[in-house]
Amino acid sequence: MLDEIKLVSCYRTGNQRDDSEELEEWLPNINEGKTKGRHQRGTVEMAERKKVTKRVAKPKEPKPKEPKPKAERKPRAARVSKAKKAKTKTEQQTEDAVLPKPESQQHVTVKEERLSVNLSSHNAAVPEDMPHECPSSSQHFPKVKKEEPDDSFTFDEPAQKKQRTTNAAQGRPIKLKSGNSCVEDIEMNWDPIQVLAEKTGVEQWVCANIAQLFQEENTIPFMVRYRKELINHMDADAVRDVQLTLEELRSVAKKSKSVSQTLKKEGVLTSELEMALKNCTTAGDIDHVYAPYKKGSKLSKARRAKELGLEPVALALLQAPQTLDLHSSIQPNTKGISPLHTYNSQPVVTSKPKDIAKFSLYTDFTCDVQRIQHYQTLAINRGENLKILTVKVNIPDWVKNDFCRWCINVRWRPQGFAQPELMTILKNAIEDSYRRFILPFLSRGYRTKLTASAEKESIAMFVRNLRQRLLMCPVRGRVIMGVDPGFHHGCKIAILSPTITFYFFFNSCQTIVIGNGKACRETEAFFTDLIKQRFFKPLDVSYCITDEAGASIYSVSPEAVKEMPDMDPNLRSAVSIGRRVQDPLAELIKIDPKHIGIGTYQHDVSQSLLRAALDGVVQECVSFVGVDINICSETLMRHIAGLNAGRARSIMEWKEKNGPFLNREQLKLVKGLGPKSFQQCAGFIRINPETVRSSIDSGGNEGLKVPLKQTAEKKKVKGSGSASNQFNPLDQTCIHPESYSIALRFLSQIGGSLDQMGSAVLRQSIESSVKNRGLDVLDKSLDTTPETLQLIVDGLTQPPGFDIRQDFEQADFKREIVSMNDLHDGMVLTGRVTNTALFGAFVDIGVGRSGLIPKRFITPDKLPVDQRRRSLALGPGERVEVRVMNVDLQRNRITLDLIRVLR
């Protein structure tokens, strides 16, 4: 229950300093062995705080009895007046401070309550009663108005069950035929598959299959398309989440083993300590176990005290306080146990912070932890890293009071009568440990979890934006003019033919693509006037605006220089802008995804996780669309599942030497392309007979003989099955070569042939057979799975040259211009989403400035059913109908309300 813990951010003050003391964390209970089941929702005390309670108690001592619930700790009962409530609270505090509680009630219950964040000016004075390291923890803390507990929120809540992305039947448990365990390298006290299922919300049998598939070096695109029955029809993002979680568990096991070896070399490893390390399921847990034994540059106060010989004094305070004489331990000439002196601290010189205006929204910002948005967390972290903001986690003082009371009366209760001055020493020591260790530990825990959650959501948003940008429908069969606008050097123009070759003269061009950079509006107005004046008559010319982010970076990249060696970089930018509409996928994969203008806070998240996620989604998009191996570029080829830069280069060299590929089997003849690589990439590679014939015709008759000779020679050397020189119509489809025999038997059953592929006759025959007999009966007769048979049906019925992107959105073309001055509140418009952030979606409504749909206006009732479970639900390229809510001409901002998503 989060009730009173707040996250507070403020402008960083000059006299704040970092705590350089070595932090010793509580050691987890070594008896915590097996992983626990899923936490139930609505629990009053969270599991993370339960772990903290267990770390205090020694394993040998009996656990205290369960406490009786206090009336004031219960979730809101009937409301009472403020005066009565204050009186009750004060009386309770007085009673707690004077009267010792029975042992049955002495325990610590750390509840997660409200997180807050304060912003003060960089040179502002800090109140005297506010410590620099942590929030106030005095006994007389101010009264805080408690909020209603939100039982639906908890950091440790198990992941929701992954939703399947297709309408296929629910998967059934299928175990892979493999004798080796897929997680045998994880030697821990918990079951890796069980923990993986709990962390990801995926069934255990699916997790086991995914782990086995990854161990066999299968790629995510191959698994999602050709092993659907083994992964229960999960999408690529869900499979990637399982993969990342599995890698985290492996890193935890590796770290646990490394720490055990280190402790063993130092001679401090015990069986209990080794057991505690093997019980850890996160890297943070291992750090907590290892912290007391970790050697640093500065010893902890406890170790320094032991070196000074004060350990017997501490034991005497607990075991025989009536015999303890503290004055005998003072040695005036020994540093650390000499009389206390007071030293004057030097003032701290600070520099004036920069870019304060960018963080003005977080001035005196306070937010509950369960309500803080992901983008707010990342913004606060950025301000803190720039030394502009100071962030503080406010934990209520009753947590400290309960902790200190439990330590004094239960954990370290003296076994005899102790003088008041001795009890004061014990109390001060416990309060000091809470201030220097426990409080920072709790604060770091909250901040770490908030940041991890925000980073994960930010990366997921980036991935969704990139996928939708790459899968925008290409504009085929048009001559396109790419225009890179500018003031100083003028507009750069490139004319692109439908075959993606470029030239620089106007030839039946009916489509103009303008980059959205500087001088875009002026260039748009220029072409609009020409269209109105019918300058291009008899051509019906239209234009569109496209995002030019990354075009200038690409124009000077090695890929651009290699592709267009004799061209000016400014003209290369114009070519890139035109190609982004002609074939978005083929052009945008040449540019680093971080430079194409999508996503938010990309520099504030883990760069390794971001890079892995972006590389994965590029590979998925290229693979699912498919690549004509005989005409694609080397850059595009290296992103196919199962291939890399080296294999792509080998394929290009093979083509240069032997001519075009005639079928997929010839891929086995390429140097460095083994059976596993062929299995992963073959289904995503297309052999188009038309491109092969054009290549042979342009190269003369010898072009056909070279591959045959090379095939025969290679077959003797590698012994790689039969690689014929005949075209196979199935090589144009998404059907994998491993299923060719099943496809031929299926065609034989329905009386069809390969020559009829994609025709209406074959489509009707297949639909009739499936309707009369059903996939479940047909798959058994063919000894295959329903998923494989469905893929065969799709491949046989799709027309030649089928592109999955034809169902996605295409660029909007227009012939006139509209400005912000033409807008007014309540106007209903249609537009296209250009980018999405954690706080809303930006929509191009054709006025030169994108409007923002705030997140609060994107509600489930306005979305299609298949998009309601997605975070924010909108992505680049989607057409939407919006209503203008506000037009701020001074700040150049447009606020929109989502009406519906257009399909």
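Quantities reported herein were computed from a predicted structural model and do not represent experimental measurements. When reading the values below, keep in mind they use all heavy atoms of this one structure, side chains included, and skip hydrogens, waters and symmetry mates.
Atom NZ of K255 has more than 12 neighbouring heavy atoms from other residues, nucleotides or ligands inside a 6.0 Å radius.
In this structure, S458 OG and Y601 OH are separated by 9.0 Å, a value rounded to the nearest 0.5 Å. In this structure, the separation between CG on L450 and OG1 on T377 is 5.0 Å, given to the nearest 0.5 Å. In this structure, D432 CG and K427 NZ are separated by 13.5 Å, a value rounded to the nearest 0.5 Å. The structure places CD of E248 at 7.0 Å from NZ of K199, a figure rounded to the nearest 0.5 Å. Rounded to the nearest 0.5 Å, atoms CH2 (W190) and SG (C280) are 9.5 Å apart. Within the model, atoms NE2 of H603 and CG of N385 stand 13.5 Å from one another, a figure rounded to the nearest 0.5 Å.
Looking only at side-chain heavy atoms (C-beta outward), I425 and Q419 stay at 4.5 Å or farther from each other. The shortest side-chain heavy-atom distance between P321 and M423 does not fall under the 4.5 Å cut-off. Between N279 and M275, the closest side-chain pair of non-hydrogen atoms falls below 4.5 Å. In this structure, I430 and L426 have side chains that are in contact, with non-hydrogen atoms separated by less than 4.5 Å. Side-chain atoms of L317 and P414, non-hydrogen and from C-beta on, never get closer than 4.5 Å to each other. D604 is not listed as a side-chain neighbour of N381, based on a closest heavy-atom distance of 4.5 Å or more. Residues S453 and H374 meet the side-chain proximity criterion, which asks for heavy atoms closer than 4.5 Å. Residues L273 and T270 have side chains in contact (heavy-atom distance under 4.5 Å, counting atoms from C-beta outward).
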Derivation of the side-chain contact (heavy atoms from CB on, under 4.5 Å) call for I380 and F359: CA-CA 8 Å; I380 291 172; F359 299 92; over 6 Å; no

Test side-chain contact (heavy atoms from CB on, under 4.5 Å) applied to K265 and T262, step by step: CA-CA 5 Å; K265 290 180 181 179; T262 301; 5.9 Å; no

Trace of the side-chain contact (heavy atoms from CB on, under 4.5 Å) decision for R413 with I408: CA-CA 5 Å; R413 185 173 185 174; I408 294 175; over 6 Å; no

Chi angles and distances behind the side-chain contact (heavy atoms from CB on, under 4.5 Å) call for V393, L442: CA-CA 9 Å; V393 180; L442 297 177; over 6 Å; no

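Considering every non-hydrogen atom in both Y293 and E266, the closest pair reads O-OE1, 4.0 Å. Shortest non-hydrogen contact noted between I459 and S606 is CD1-O, 4.3 Å. In plain terms, the two heavy atoms of G309 and P312 that are nearest each other are O-CD, 3.5 Å. In plain terms, the two heavy atoms of C404 and E431 that are nearest each other are SG-CG, 3.8 Å. The heavy-atom pair separating P440 from R435 by the smallest distance is CD-O, 3.2 Å. Heavy-atom minimum distance, Q415 versus Q319: CB-O, 3.9 Å.
Judged purely by atom type and a 3.5 angstrom limit, E457 has no side-chain atom pairing as donor or acceptor with the backbone of E455. Under the 3.5 Å distance criterion, the side-chain polar atoms of S256 are left unmatched by any main-chain donor or acceptor of V252. For T363 (side chain) and S360 (main-chain N/O), a donor-acceptor pair under 3.5 Å exists by modelled atom type. A donor-acceptor distance shorter than 3.5 angstrom exists from the side chain of T200 to the backbone of L196, with no hydrogens or angles considered. With hydrogens and angles ignored, the 3.5 Å screen pairs a side-chain donor or acceptor of N428 with a backbone N or O of T424.
Between H288 and F441, the ring centre distance stays below 6.0 Å.
Under 4.0 Å is where a charged nitrogen must lie from a carboxylate oxygen, and between D397 and K400 no such pair does. Under a 4.0 Å N-O distance rule, the pair R447/E384 qualifies as a salt bridge. Contact check on K257 versus E187 returns no salt bridge, with no Lys/Arg side-chain nitrogen under 4.0 Å from an Asp/Glu carboxylate oxygen.
Aromatic ring orientation, F839 versus Y375: perpendicular (interplanar angle above 60°, classes split at 30° and 60°).
Residue R405 is tested with N401, D402, N409 for a side chain to side chain donor-acceptor pair (under 3.5 Å); the sole match is D402.
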